[in-house]
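Here it is: the structure, laid out below.
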Amino acid sequence: MVVTELQQRMQESFKDNVDEEYLMDCMRCGFCLPACPTYLVTNKDEIHSPRGRIALMKGMRDGDVVWDGSVEESFDMCLGCRACEPACPAGVQYGVLLEETRVAIEQVKTKSVVEKAVRKSTFDGVFADQKKMAGAVKLVQFYQKSGLQTVTRKIGFLNLFPPFMKEMEAVLPAIESKKKRATPSEPKTTTVAFFTGCLMDTLFQETNRKTIELLESLGVDVMIPKEQQCCGALHGHSGELEKGLRNARTNVDAFDSDSFDFIVNNAGGCGAFLSEYEKHLQSDTAYAEKSTRFSRKMIDISSLLVKLGLNERLKEIQVESKAIVTYQDSCHLRNVNKVFLEPRTLLQDAPGFEYKELIDAGSCCGSAGIYNILQPEMAKKILDLKMKGVKELQPAKVVTSNPGCLMQMQVGIQREGLEKEMQAVHIVDFLYDAIYKNQN
């Protein structure tokens, strides 16, 4: 094997960044294979499995594998859904290994001027400053409200772009101006701090408003720390972990208080990364203790609603009609935070609906952060598999717990021409409507 300068630098980067002990945890048993969407979609190509990728990581670290396009493609093709982790009897920390691998590659890989500019504007700009994110979303709002969106669609301008971009544009939520919070009158029994999120507090701000209203109706005093920023998950998944940890430190400081019982979030992908601040910041003496407090107070919205007794409130509402509702798991909520039953119990108790389990509900829908933008062809194949189960079940509502999953399922419904028959909704929007529409 001819050792080029790139090969040597890449090997050194893998040695510096990828933990050998975590690599050695893998027993090569193969229990992860049937849980991996890319392994299944690529006709069981081992290079696109967790076991295969770990072998490539070790090979790169030891200098036994040549860095080339096929190796890079294998790592790029990984969804990072972490479905392999619950399936692994040895408890391999695949999520850590993947993050470390992407850091190792990012430090060495040559990037074009365009890619450098995009990364800087994204990770040092929009996803590093909530105000910049809000400004970007205001441009989307102007696009929607000014008539530009109507004209753009009418003249077919979007046909000049890849199909997935046209599909994503079609399912963008309508951006409304923020509504002033009403002063709740219910007595308070619990205090929570709300992690509003960057996308959730801009593109999906109506869902955030309904989250607050639901919590307040259950006797919760909701605090919103103003200094919070993007969770950092997109940074971490894209080889920019240190920049993600910059956001993590800001958030830990913003929420470091004894005045609330929980830190609640309503986006599965964010929640997983937030809950792992403790792990990521343990070597930082200034943040080790604070990050532990932060992560241990973190709870997702469905788990909190169950704790607060929303199930009983739902059961009290009597509605005769029964439409089918189903649930598409957020990969990280299920695989990292181990939240599986709570959202299902809420849907089972929702008035006017009959809950039915979606085929392979725990498998990824193909969104995976920005995976559907970076890997549109593979994302389409994975979504097509998901939609086979949806079409067989024919639900009126497909409920999700993550904004990316929500938009991806909306794309799938639109692609299949099922918009008049079913709708993808966030679990908060679904529960809010189930309560307030049936009470009025």
Side-chain angles (χ1 to χ4, degrees), residues 1-20 22-85 88 92-112 114-116 118-119 162 164 236-241 363-364 366 368-385:
M1 180 178 71
V2 178
V3 180
T4 63
E5 181 184 353
L6 174 62
Q7 178 72 22
Q8 185 174 356
R9 289 175 59 214
M10 194 64 79
Q11 182 183 353
E12 290 173 356
S13 188
F14 268 74
K15 283 184 177 180
D16 290 341
N17 292 289
V18 183
D19 193 311
E20 186 174 26
Y22 283 154
L23 289 172
M24 297 306 295
D25 286 339
C26 179
M27 303 183 300
R28 314 291 189 265
C29 66
F31 277 86
C32 60
L33 301 181
C36 178
T38 54
Y39 173 74
L40 299 175
V41 169
T42 56
N43 296 316
K44 300 183 178 180
D45 186 346
E46 187 77 29
I47 199 173
H48 293 303
S49 72
R51 180 173 69 177
R53 291 185 178 107
I54 290 174
L56 289 177
M57 294 171 192
K58 189 174 189 309
M60 284 300 307
R61 199 179 189 283
D62 296 342
D64 297 329
V65 170
V66 177
W67 176 259
D68 61 16
S70 64
V71 177
E72 184 175 5
E73 180 187 47
S74 174
F75 295 135
D76 286 346
M77 201 71 77
C78 181
L79 290 149
C81 67
R82 296 171 67 171
C84 50
E85 291 185 10
C88 178
V92 173
Q93 297 294 303
Y94 182 81
V96 174
L97 287 170
L98 183 63
E99 285 179 353
E100 292 177 344
T101 295
R102 287 177 171 166
V103 169
I105 295 168
E106 176 61 22
Q107 290 183 358
V108 176
K109 181 183 173 182
T110 301
K111 293 178 281 294
S112 67
V114 173
E115 183 179 352
K116 287 180 181 178
V118 169
R119 279 183 171 267
F164 77 91
H237 302 332
S238 303
E240 304 271 9
L241 183 58
S363 66
C364 188
I370 56 173
Y371 184 91
N372 53 355
I373 297 173
L374 300 176
Q375 301 289 337
E377 290 304 314
M378 179 58 72
K380 181 180 183 301
K381 291 176 182 178
I382 292 169
L383 179 58
D384 287 345
L385 280 179

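Hydrogens, waters and symmetry mates play no part in the numbers below; they use all other heavy atoms, side chains included. None of these values were measured; they are calculated from a predicted model.
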Considering all heavy atoms of both residues, which atom of L98 and which atom of G80 are nearest to each other, and what is their separation?
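So the two residues come closest at CD2-CA, 3.7 Å.
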CG on L97 to OH on Y22, rounded to 0.5 Å
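Interatomic distance, Y22 OH to L97 CG, rounded to 0.5 Å: 8.0 Å.
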Flag the pair K380 / D384 as yes when at least one side-chain heavy-atom distance between them is below 4.5 Å, and no otherwise.
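The answer is yes; the side chains approach within 4.5 Å.
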Separation of I54 CD1 from C84 SG (nearest 0.5 Å):
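Between C84 SG and I54 CD1, I get 7.0 Å after rounding to 0.5 Å.
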Please indicate whether D68 has more than 12 foreign heavy atoms, meaning atoms of other residues, nucleotides or ligands, lying under 6.0 Å from its CG.
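Count over threshold, so yes.
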What distance do D76 atom CG and H48 atom NE2 have between them, rounded to the nearest 0.5 Å?
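One gets 10.0 Å once the value is rounded to the nearest 0.5 Å.
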Rounded to the nearest 0.5 Å, what separation is found between the CZ atom of R82 and the SG atom of C364?
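Rounded to the nearest 0.5 Å, the CZ-SG separation comes out at 13.0 Å.
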Distance-only, no hydrogens or angles: does the S49 side chain make a donor-acceptor pair with backbone N or O of E46 under 3.5 Å?
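Answer holds: yes.
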Would you compute the distance between atom CZ of F75 and atom CE of M60 and round it to the nearest 0.5 angstrom?
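Atom-to-atom, F75:CZ and M60:CE are 7.5 Å apart.
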Minimum-distance pair of heavy atoms, taken over all atoms of A83 and A35:
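Looking at all heavy atoms of both residues, the closest pair is CB-O, 3.5 Å.
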Does any non-hydrogen side-chain atom of I382 lie less than 4.5 Å from one of L79?
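SC-SC contact between L79 and I382 confirmed.
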Can you check whether L23 reaches D19 side chain to side chain, under 4.5 Å on heavy atoms?
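Answer no - side chains too far apart.
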Could you pull out the closest heavy-atom pair between G30 and P34, with the gap in Å?
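Result for this residue pair: O-CD, 3.7 Å.
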Report the residues that fulfil side-chain contact (heavy atoms from CB on, under 4.5 Å) with Q11, sequence neighbours left out, ordered by chain and then residue number.
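Partners of Q11 by the side-chain contact (heavy atoms from CB on, under 4.5 Å) criterion, ordered by chain and then number, come out as K15.
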For L56 and S74, work out which heavy atoms get closest and say how close.
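So the minimum-distance heavy-atom pair works out to CD1-OG, 3.6 Å.
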Find the distance between CD (Q93) and CD (E85) and round it off to the nearest 0.5 Å.
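One finds 5.5 Å between CD of Q93 and CD of E85.
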Partner set under side-chain contact (heavy atoms from CB on, under 4.5 Å) for S363, not counting sequence neighbours
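In terms of side-chain contact (heavy atoms from CB on, under 4.5 Å), with neighbours along the sequence ignored, S363 is linked to D360, K386.
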Expected list for residues 370-378: side-chain donor-acceptor pairs under 3.5 angstrom, two or more places apart:
unit_1: Y371; atom_1: OH; unit_2: M77; atom_2: O; d: 2.6
unit_1: N372; atom_1: ND2; unit_2: Q408; atom_2: OE1; d: 3.1

Taking side chain as C-beta onward, heavy atoms only, is Y39 less than 4.5 Å from D45?
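No, too far: nothing below the 4.5 Å cut-off.
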What pairs meet the side-chain hydrogen bond (donor to acceptor under 3.5 Å, both in side chains) rule with one or both residues in residues 27-38, with sequence neighbours excluded?
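Pairs touching residues 27-38 that pass the test: T38-R53.
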Going by an N to O cut-off under 4.0 Å, is there a salt bridge joining E240 and R102?
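Result for this pair is no, no salt bridge flagged.
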Name the residue from C32, C88, C78 that meets the side-chain contact (heavy atoms from CB on, under 4.5 Å) definition with Y94.
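Checked C32, C88, C78 against Y94; only one passes side-chain contact (heavy atoms from CB on, under 4.5 Å): C78.
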Kindly write out the residues that satisfy side chain to side chain donor-acceptor pair (under 3.5 Å) with E100, not counting sequence neighbours, or none if the list is empty.
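For E100 there are no side chain to side chain donor-acceptor pair (under 3.5 Å) partners, ignoring immediate neighbours.
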For a 4.5 angstrom cut-off between non-hydrogen side-chain atoms, does R51 reach L33?
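Yes; the side chains approach each other to less than 4.5 Å.
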Q7 side-chain N/O to V65 backbone N/O, donor-acceptor pair under 3.5 Å:
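Yes; judged by distance alone, with no hydrogens or angles, the pair exists.
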For D62, all residues meeting side chain to side chain donor-acceptor pair (under 3.5 Å), sequence neighbours excluded:
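Side chain to side chain donor-acceptor pair (under 3.5 Å) check on D62 returns K58.
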I'd like to check I105 versus W67 (side-chain heavy atoms, cut-off strictly below 4.5 Å). Are they in contact?
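Yes; the side chains approach each other to less than 4.5 Å.
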Counting only heavy atoms not in M27, do more than 12 sit closer than 6.0 Å to its CE atom?
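Yes, enclosed.
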